[in-house]
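In what follows, a structure is listed as structure tokens, so that the remarks can point back to it.
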Amino acid sequence: MLRPSYTDLLDVISQETDDITLGSRYTIVIAAAKRARQLVDHADPLVSNTKVDKPVSIAVNELYQGKIKVRQGHPEEVVPAEEEAVEFTSNMYATFWSLVPPLVAIILALITKEVFSSLFVGIVTGALFYTNFNIKEAFLVIVTDQTEGGLLANVSDSGNAGILIFLVVLGVLVALMNKAGGSAAYGKWASSVIKTRKGALLSTFLLGVLVFVDDYFNCLTVGSVMRPVTDTHNVSRAKLAYIIDATAAPVCIIAPISSWAAAVSGVVEGYNGLELFIRSIPYNFYALLTIVTMITLTLMNFDFGPMYLHEHNAQVKNDLFTTDARPFENASDVQVTGKGGVIDLVLPVIMLIICCVIGMIYTGGFFDGVPFVDAFAGCNASVALALGSVAALILTFIMYIPRRVLKFHEFMECLPEGFRAMVPAILILTFAWTLSGITGLLGADVFVAGILQSSTGVLNVMLPVIVFVIAVFLAFSTGTSWGTFGILLPIVVPILDPTSELMVITVAATLAGAVAGDHCSPISDTTIMASTGAQCDHINHVSTQLPYSMMVAAVSAVNYVLTAIIQNWIINLPIAIVSMILVIFIVRKIYKPKEL
């Protein structure tokens with residue numbers, strides 16, 4: 001009796017189709033294996049031979065033709081399409097209730113200041129909604145890889161695994177640079193060159209702009225390099241996290257050569273995606289005004305809301321954390337045993353940047369003849385970051401050990417130290433991915449997309465701002481900007497005249513809203529990375545950044561109404577910048593902080 005292995009099945013499926021649209025590769029392989037075995041067990045005359053490709057061909061064809069489906073929640077089972085349509089249909093699919101789980105998690109996190117339990121409560125709520133309050137099935141959905149929303153499914157996803165590897169290796173590199181004395185030496189040197197708080201903040205901003213290729217890479221690299229400098233000048237960790245976050249996604253979304261540009265280009269069909277992306281940059285008000293806000297606040301030495309308290313405590317009381325939640329407080333207390341200098345921090349960081357960029361163009365096919373820009377646009381960022389970070393770690397070993405900057409056993413001690421430092425970030429990311437996956441299973445994206453489609457008949461002058469608000473809400477609820485513009489752009493682009501400036505404005509509003517919602521959301525992976533890079537408590541970062549993000553989003557929304565009327569970025573962009581600066585001056589005039 002034929003029992004094809006999963007490896008054989010995977011090989012055959014890869015030959016049969018390059019475009020698997022039925023779910024994850026793991027799921028379709030299991031489904032094809034199950035169906036192929038059913039065919040053999042029932043002695044189907046079509047599979048009388050012993051070749052593995054025949055039953056797989058039939059199974060794949062049946063899946064594509066809709067004759068059978070993978071049972072929802074049970075990827076190891078395939079059933080007739082009619083049977084599948086009846087079972088495991090959530091009563092809350094694509095309704096307002098699909099947005100409740102992420103909202104529960106976000107509200108709880110902001111109230112309790114405890115992110116782990118808040119995310120978990122949101123996950124449990126979503127799983128119960130998805131399974132119609134079937135406790136057993138909800139437990140399986142949360143833990144297993146039966147659906148794309150489970151913990152195991154998210155951890156085993158190659159894209160997520162690449163990010164986790166990058167996180168761990170970067171944690172190891174930071175531990176190595178600290179123990180070798182590179183961070184301390186760099187901090188002393190930078191303190192002698194950068195003599196003011198404004199200089200420290202603006203230097204952090206400039207480095208963030210320079211490291212524009214990917215937001216994850218930006219957050220962790222800028223934090224590692226600039227944290228010793230900002231600590232010296234008593235910049236609170238919350239303020240550092242804000243600057244890192246504000247130069248991550250907002251900078252990447254206006255950089256033509258970045259992983260974000262590739263993502264946007266890939267979801268716009270029938271158009272030159274890169275050209276449309278570049279034309280949308282001057283209208284991407286949230287990203288541009290976030291940069292304007294950050295520079296203006298720094299030059300004015302002004303903060304408001306919860307950030308004022310954090311900055312006051314950092315400058316007056318020498319307390320960089322303010323709250324009792326200080327998970328990284330002792331991170332700087334690592335015993336320096338090496339003889340490292342400034343070069344032992346700078347060179348590993350440069351090697352990391354170079355290796356990650358090479359990894360990006362490698363995964364994009366540059367070394368197989370693909371042009372540089374196309375290779376960058378088509379790269380696999382998570383794989384590239386994993387490759388680049390591991391290569392940088394090997395080069396750091398070669399750099400440190402022969403020079404006796406660290407002894408071999410000291411180098412090895414940094415491996416578990418770096419991993420332990422990243423455990424909180426890994427847990428938060430895993431929970432956030434799981435919550436986002438379960439929210440997707442509930443059809444939150446379908447619900448929001450339906451709202452957008454019902455709004456397409458409104459006056460053109462209101463369409464950009466409506467799209468912007470919807471994108472903000474969707475990204476805030478799901479914690480993903482890529483997923484947001486991946487859902488909304490295919491809806492927005494076809495309903496507008498491709499030759500009109502209004503289409504470019506509306507595309508820009510979609511991208512800006514996606515970044516704005518992602519920037520505000522406690523379950524956003526970029527926000528989590530910014531907290532990790534700054535070694536700041538995650539909820540402190542979210543609560544201090546939220547007033548700034550909301551202010552910029554409000555000014556952006558007003559300017560989208562005006563832009564839809566004028567439709568000329570040469571006029572609209574200066575108006576947006578001036579209005580943003582004016583709002584900041586007004587807030588400064590009326591803001592009266594509590595006596596501390």
Side-chain angles (χ1 to χ4, degrees), residues 90 92-112 115 117-130 141-142 147-149 154 245 249 253 267 286 428-455 465-492 509-530 538-539 541-543 545-546 549-550 552-554 556-557:
S90 174
M92 300 176 186
Y93 183 81
T95 66
F96 170 77
W97 292 101
S98 63
L99 297 173
V100 169
L103 292 178
V104 166
I106 291 167
I107 293 170
L108 277 178
L110 294 175
I111 293 174
T112 65
V115 67
S117 61
S118 301
L119 286 171
F120 188 72
V121 170
I123 291 169
V124 172
T125 303
L128 289 172
F129 283 7
Y130 176 65
V141 166
I142 292 171
T147 68
E148 295 180 0
N154 283 287
D245 210 352
I253 200 66
V267 299
Y286 183 83
I428 295 173
L429 265 179
T430 303
F431 280 174
W433 286 332
T434 302
L435 179 58
S436 179
I438 290 178
T439 303
L441 293 175
L442 282 168
D445 52 349
V446 178
F447 172 68
V448 175
I451 295 175
L452 177 58
Q453 286 178 321
S454 65
S455 304
V465 70
I466 289 174
V467 171
F468 176 76
V469 171
I470 290 174
V472 169
F473 188 67
L474 181 57
F476 181 78
S477 301
T478 60
T480 167
S481 49
W482 285 31
T484 297
F485 57 67
I487 292 164
L488 298 183
L489 283 181
I491 299 172
V492 168
T510 306
L511 303 180
V515 172
D518 179 85
H519 209 192
C520 299
S521 177
I523 62 175
S524 161
D525 44 8
T526 310
T527 309
I528 296 165
M529 291 288 191
H538 182 56
I539 298 303
H541 169 45
V542 172
S543 61
Q545 177 171 267
L546 194 57
S549 300
M550 292 174 65
V552 178
S556 299

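Count residues from 1 along the sequence. What you see is a predicted model, and the numbers here were worked out from it, not measured in a lab. Only this structure's heavy atoms are used, side chains among them; waters, hydrogens and symmetry mates stay out.
- Between the OH atom of Y130 and the OH atom of Y93 there is a distance of 9.5 Å, given to the nearest 0.5 Å.
- Counting all heavy atoms, side chain and backbone alike, P102 lies closest to L435 at CA-CD2, 4.0 Å.
- Counting only distance, with no hydrogens or angles, the side chain of S543 and the backbone of I539 share a donor-acceptor pair below 3.5 Å.
- How far OG1 of T439 is from CG of L99: 8.0 Å, rounded to the nearest 0.5 Å.
- Closest approach of F468 and S556 over heavy atoms only: CZ-CB, 3.9 Å.
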If you apply the rule side chain to side chain contact (heavy atoms under 4.5 Å, CB included), what do you find for L103 with S477, and how did you get there? CA-CA 6 Å; L103 292 178; S477 301; 4.2 Å; yes
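- A donor-acceptor contact shorter than 3.5 Å links the side chain of T527 to the backbone of D518.
- At a threshold of 4.5 Å between non-hydrogen side-chain atoms, the residues Y286 and V472 do not count as touching.
- Residues Q545 and H519 come closest through the heavy atom pair NE2-O, 2.6 Å.
- Among all heavy-atom pairs drawn from A514 and S481, the shortest one is O-CB, 3.4 Å.
- When the options I123, I523, N154 are evaluated for a side chain to side chain contact (heavy atoms under 4.5 Å, CB included) with F431, the one that passes is I123.
- Atoms CD1 and CH2, on I438 and W433 in that order, are 15.0 Å from each other to the nearest 0.5 Å.
- L441 and G149 make their closest contact through CD1-N, 4.0 Å (heavy atoms, listed as atom of the first residue, atom of the second, distance).
- Closest heavy-atom contact between L474 and A444: CD1-O, 4.4 Å.
- Put simply, the side chain of L442 reaches to within 4.5 Å of the side chain of P101, judged on heavy atoms.
- Formation of a donor-acceptor pair under 3.5 Å by the T112 side chain with backbone atoms of L108 is found in this model.
- Side chain of T434 to main chain of T430: a donor-acceptor pair is present (N/O by atom type, distance under 3.5 Å, no hydrogens or angles).
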